[in-house]
Structures are given as C-alpha cells and as structure tokens.
*Asks:* 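To start, I am sharing the structure in question, which I have written as structure tokens.
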Amino acid sequence: MNNREERVYKETRLRNLERKFSKMINHTDLVDECNDLKYEIDNLKKELNC
C-alpha cells in the first residue's frame, strides 16, 4: 500500500469510527467502548495531523 492509499484508508477509518462513536455516546452502558473508540479516533487524528 503506498502513502496515498494508506492515507485514504486511515481517513475512511476515522470517519467510520467517528460515526460509530456519535451513535454510541448516547448510551450510558457503553462508556468503556466509547472511551476505547475515542482513544483510537485521537490516535488516527494525530497520525493524519487533523
């Protein structure tokens, strides 16, 4: 995978995770899962320099 393909993959992954996070954040019983997702989202943003 070249740099461009990798970046597109990460951007797509980031959008999907953010979408999933926004749906899960409203459920109080999923706090741990939301924290894990948020951590992964933050790491992807750092990699992409968003």
Side-chain angles (χ1 to χ4, degrees):
M1 191 178 331
N2 65 30
N3 288 342
R4 175 75 180 136
E5 291 171 330
E6 186 175 345
R7 182 163 183 87
V8 169
Y9 170 78
K10 287 180 180 180
E11 288 171 346
T12 303
R13 176 106 176 105
L14 178 60
R15 281 193 306 273
N16 290 339
L17 288 175
E18 287 176 330
R19 195 174 301 127
K20 184 176 181 180
F21 180 79
S22 67
K23 291 176 184 176
M24 289 175 64
I25 196 72
N26 298 322
H27 300 281
T28 55
D29 56 328
L30 299 174
V31 172
D32 291 336
E33 290 85 351
C34 284
N35 288 338
D36 293 342
L37 269 178
K38 185 65 175 160
Y39 177 77
E40 192 169 347
I41 288 169
D42 290 343
N43 283 339
L44 270 174
K45 282 183 177 180
K46 285 178 189 173
E47 287 181 31
L48 294 169
N49 295 322
C50 293

*Asks:* Tell me, yes or no, whether the heavy-atom count around N3 atom CG, taken from other residues, nucleotides or ligands under 6.0 Å, exceeds 12.
*Replies:*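 Count not over threshold, so no.
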
*Asks:* Hey, could you give me the CG/NZ distance between L17 and K10, rounded to the nearest 0.5 Å?
*Replies:*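 Here the interatomic distance stands at 13.0 Å.
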
*Asks:* How many angstroms lie between CE in M24 and CG in D29, if you round to the nearest 0.5 Å?
*Replies:*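 Spacing of CE (M24) from CG (D29) equals 9.0 Å.
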
*Asks:* Enter the distance from D32:CG to N35:CG here, rounded to the nearest 0.5 Å.
*Replies:*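 One finds 6.5 Å between CG of D32 and CG of N35.
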
*Asks:* According to salt bridge (charged side-chain N to carboxylate O under 4.0 Å, His left out), does anything in residues 12-23 pair up with another residue at least two apart or in another chain? List the pairs.
*Replies:*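 Of all non-adjacent pairs touching residues 12-23, those that pass salt bridge (charged side-chain N to carboxylate O under 4.0 Å, His left out) are R13-E40, E18-K45.
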
*Asks:* Rounded to the nearest 0.5 Å, what separates atom CD in E11 from atom CG in L48?
*Replies:*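 Answer rounded to 0.5 Å: 5.5 Å.
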
*Asks:* Using side-chain contact (heavy atoms from CB on, under 4.5 Å) as the criterion, point out the one residue from I41, D36, L30 that pairs with F21.
*Replies:* I41

*Asks:* Salt bridge or not between D42 and K46? Use side-chain N to carboxylate O under 4.0 Å.
*Replies:*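 No, D42 and K46 are not salt-bridged.
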
*Asks:* Going from OH on Y9 to CG on L44, what distance comes out if it is rounded to the nearest 0.5 angstrom?
*Replies:*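 Atom-to-atom, Y9:OH and L44:CG are 8.5 Å apart.
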
